[in-house]
Amino acid sequence: MGQVYRYGDFDWRDRLLVIEDHRIPLPEDSPLWDAARRDPSVQGYMDWVRFPWYEVRRNPEGTFVHIMDARRARRVTSGFGGVAVRVEEAAADLP
């Protein structure tokens, strides 16, 4: 339960908390995640993000790590709440 972000609503009058079923996994260390968050093109975003999560997507153009902030994005987006970084998988294995 502590390895996910969850959303909910709190009603102050009734003191009722309703938690949604939707879960977003917290970032897990991996070579791709490490390479993506160190990429110079996203350093400003990484300073701003408070609740990061990511998803790796592969297509014919390459491997992309989509980084989102759970405050602004519940799914992969290229809008205000997220950025995408192209990562060379071979380079992700390097320290």
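Starting from 1, each residue takes its place in the sequence as its number.
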Short question: side chain of Q43, backbone of R37 - any donor-acceptor pair under 3.5 Å?
-> yes
T63 side, atom OG1; E88 side, atom CD - distance, nearest 0.5 Å | 7.5 Å
Under a 4.5 Å side-chain heavy-atom rule over Ile, Leu, Val, Met, Phe, Trp and Tyr, are V76 and Y7 clustered together?
-> yes
On a heavy-atom basis, the closest approach of M68 and A73 is CG-CB, 3.6 Å
In chain order, what residues pass the ring pair (Phe, Tyr, Trp, His ring centres under 6.0 Å) check against W53, with sequence neighbours excluded?
-> none
Mind checking whether R23 and R6 have side chains closer than 4.5 Å, heavy atoms only?
-> yes
Who are the ring pair (Phe, Tyr, Trp, His ring centres under 6.0 Å) partners of W48, not counting sequence neighbours?
-> Y45, F80
Heavy atoms only: give me the nearest A35-V87 pair and the separation to one decimal.
-> CB-CG1, 3.8 Å
Has the side chain of R50 got a donor or acceptor atom that lies under 3.5 Å from a matching backbone atom of D47?
-> yes
Would you find more than 12 non-hydrogen atoms of other residues, nucleotides or ligands less than 6.0 Å from E20 atom CD?
-> yes
State whether the number of non-hydrogen atoms from other residues, nucleotides or ligands found under 6.0 Å of R71 atom CZ is greater than 12.
-> yes
If you group Ile, Leu, Val, Met, Phe, Trp and Tyr by side-chain heavy-atom gaps below 4.5 Å, do V65 and L26 land in one group?
-> no
Within the distance-only criterion (no hydrogens, no angle test), does the side chain of Y5 pair as donor or acceptor with the backbone N or O of R74 below 3.5 angstrom?
-> no
Give the ring-plane orientation class for Y54 versus W33, where under 30° counts as parallel, over 60° as perpendicular and anything between as tilted.
-> parallel
Side-chain heavy atoms under 4.5 angstrom apart, residues restricted to Ile, Leu, Val, Met, Phe, Trp, Tyr: same cluster for V42 and V49?
-> yes
Do the non-hydrogen side-chain atoms of M46 and I67 ever get within less than 4.5 Å of each other?
-> yes
Consider only side-chain heavy atoms of I, L, V, M, F, W and Y, link residues closer than 4.5 Å, and tell whether L17 and W12 are in one cluster.
-> yes
